[in-house]
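Beneath this line is the structure, given in structure tokens, with notes to follow.
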Amino acid sequence: MFDVLKKMFGSDNGSPPAKPDANQLAVAATALMVQLARVDSSEDDIELDTIAECATRSKQVSDTEAQAIVADARAIADDATSLYEFTELLNDNLDQQGKAEILESIWRVAFADGRIDKYEEQLIRRIADLLHLNHREYMECRHRAEQSTSS
């Protein structure tokens with residue numbers, strides 16, 4: 001676990017972190033989704049299933065790989081001290097469209113259990129701000145996620 005974090009965020013010898021691979025970016029994005037699933041104090045199975053589904057859809061990985069990404073993200077989220085650990089990595093390596101796709105996936109997780117808790121909405125707003133997404137992008141992501149979950 002510690003090796004994964006060192007690899008993602010740089011080693012303790014002061015050297016800059018290596019460019020993250022697609023798996024590390026997927027784990028960072030998924031860790032944000034896990035944080036959202038936990039914000040209302042109930043990590044529902046339907047939310048975890050939605051997180052895995054988002055990983056398979058956006059990263060084009062198998063179900064087994066998606067489950068491994070979710071497991072890694074849950075472990076890293078357990079040790080996280082802030083959202084910035086994940087959003088910084090994503091900001092440094094993704095364009096606006098890539099960050100918007102992540103926010104849309106986060107909204108899908110929020111909609112998965114059929115209700116948006118006020119704490120979920122606050123957390124999503126904070127994540128959008130940390131990803132440097134403006135209000136229009138925030139609302140577009142919400143709308144697309146809501147449309148995809150209702151159809």
Side-chain angles (χ1 to χ4, degrees), residues 4-5 7-10 17 19-151:
V4 172
L5 289 173
K7 194 190 246 186
M8 284 177 70
F9 301 110
K19 181 142 176 83
D21 61 25
N23 185 58
Q24 291 167 322
L25 293 175
V27 170
T30 305
L32 291 173
M33 293 179 222
V34 168
Q35 295 287 38
L36 178 73
R38 293 177 175 172
V39 76
D40 62 359
S41 301
S42 63
E43 191 177 80
D44 298 333
D45 286 339
I46 191 164
E47 291 174 327
L48 293 175
D49 291 343
T50 302
I51 292 169
E53 179 186 316
C54 288
T56 57
R57 185 175 347 138
S58 65
K59 302 301 177 201
Q60 299 174 343
V61 296
S62 69
D63 289 339
T64 304
E65 292 169 317
Q67 292 301 329
I69 289 170
V70 171
D72 288 347
R74 290 177 79 190
I76 289 172
D78 287 342
D79 296 333
T81 57
S82 74
L83 298 172
Y84 186 73
E85 299 171 39
F86 310 118
T87 58
E88 178 184 36
L89 184 69
L90 298 171
N91 281 327
D92 290 347
N93 293 283
L94 297 176
D95 60 11
Q96 285 299 102
Q97 181 178 346
K99 294 185 290 186
E101 288 171 5
I102 290 169
L103 191 68
E104 184 177 335
S105 293
I106 291 169
W107 272 114
R108 286 185 181 159
V109 173
F111 283 117
D113 62 3
R115 63 180 175 76
I116 301 292
D117 182 89
K118 67 181 178 180
Y119 299 113
E120 289 175 323
E121 193 160 3
Q122 290 171 349
L123 182 62
I124 297 170
R125 168 45 67 196
R126 190 163 21 136
I127 291 169
D129 288 344
L130 289 170
L131 290 174
H132 310 296
L133 296 169
N134 64 37
H135 185 69
R136 179 184 51 78
E137 293 164 317
Y138 167 85
M139 292 306 295
E140 287 172 350
C141 291
R142 179 184 176 138
H143 179 71
R144 284 192 304 268
E146 191 170 20
Q147 292 300 315
S148 72
T149 56
S150 64
S151 51

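- Residues passing the side-chain hydrogen bond (donor to acceptor under 3.5 Å, both in side chains) test with Asp92: none are found, sequence neighbours excluded.
- The distance from atom CD of Glu53 to atom CG of Asp63, rounded to the nearest 0.5 Å, is 9.5 Å.
- In this structure, the side chain to side chain contact (heavy atoms under 4.5 Å, CB included) partners of Asn23, at least two apart in sequence or on a different chain, are Asp21, Val27, Ile69.
- Using a 4.5 Å heavy-atom cutoff, the side chains of Leu131 and Glu137 are not in contact.
- Separation of atoms CG (Leu90) and OH (Tyr84) is listed at 12.0 Å; rounding is to 0.5 Å.
- The structure places CG of Leu123 at 5.5 Å from CG of Leu83, a figure rounded to the nearest 0.5 Å.
- Here the closest heavy-atom approach between residue Ala37 and residue Glu47 is recorded as O-OE1, 3.4 Å.
- Interatomic distance, OG1 of Thr87 versus NE2 of His132, reported as 7.0 Å (0.5 Å rounding).
- Between Cys141 and Ala100 the shortest heavy-atom distance is SG-O, 3.2 Å.
- For the side chain to side chain contact (heavy atoms under 4.5 Å, CB included) with Met33, the lone residue among Thr50, Val70, Ile106, Ile127 that qualifies is Ile106.
- A donor-acceptor pair under 3.5 Å links the side-chain atoms of Glu85 to the main chain of Ser82, judged by distance alone.
- Here the shortest heavy-atom pairing between Glu120 and Ala110 reads OE1-O, 4.0 Å.
- Residues Ala66 and Ala52 come closest through the heavy atom pair CB-O, 3.6 Å.
- By the ring pair (Phe, Tyr, Trp, His ring centres under 6.0 Å) test, Tyr138 pairs with Trp107, His135, sequence neighbours left out.
- Between Arg74 and Asp78 there is no salt bridge, since none of the side-chain N atoms of the basic residue sits less than 4.0 Å from a carboxylate O of the acidic one.
- Comment: Glu140 engages Arg136 in a salt bridge, judged by a side-chain N to carboxylate O separation of less than 4.0 angstrom.
- Thr30 OG1 to Ile76 CD1: the interatomic distance, rounded to the nearest 0.5 Å, is 9.5 Å.
- Side-chain contact between Ile116 and Ile124: absent, with no pair of heavy atoms (C-beta onward) separated by less than 4.5 Å.
- Side-chain N or O atoms of Asp113 include none that pairs as donor or acceptor with a backbone N or O of Ile46 at under 3.5 Å.
- Here the shortest heavy-atom pairing between Ala28 and Phe86 reads O-CB, 3.7 Å.
- In this structure, the separation between CG on Asn91 and CG on Leu133 is 8.0 Å, given to the nearest 0.5 Å.
- Counting heavy atoms from C-beta outward, Arg126 and Gln122 have side chains that stay 4.5 Å or more apart.
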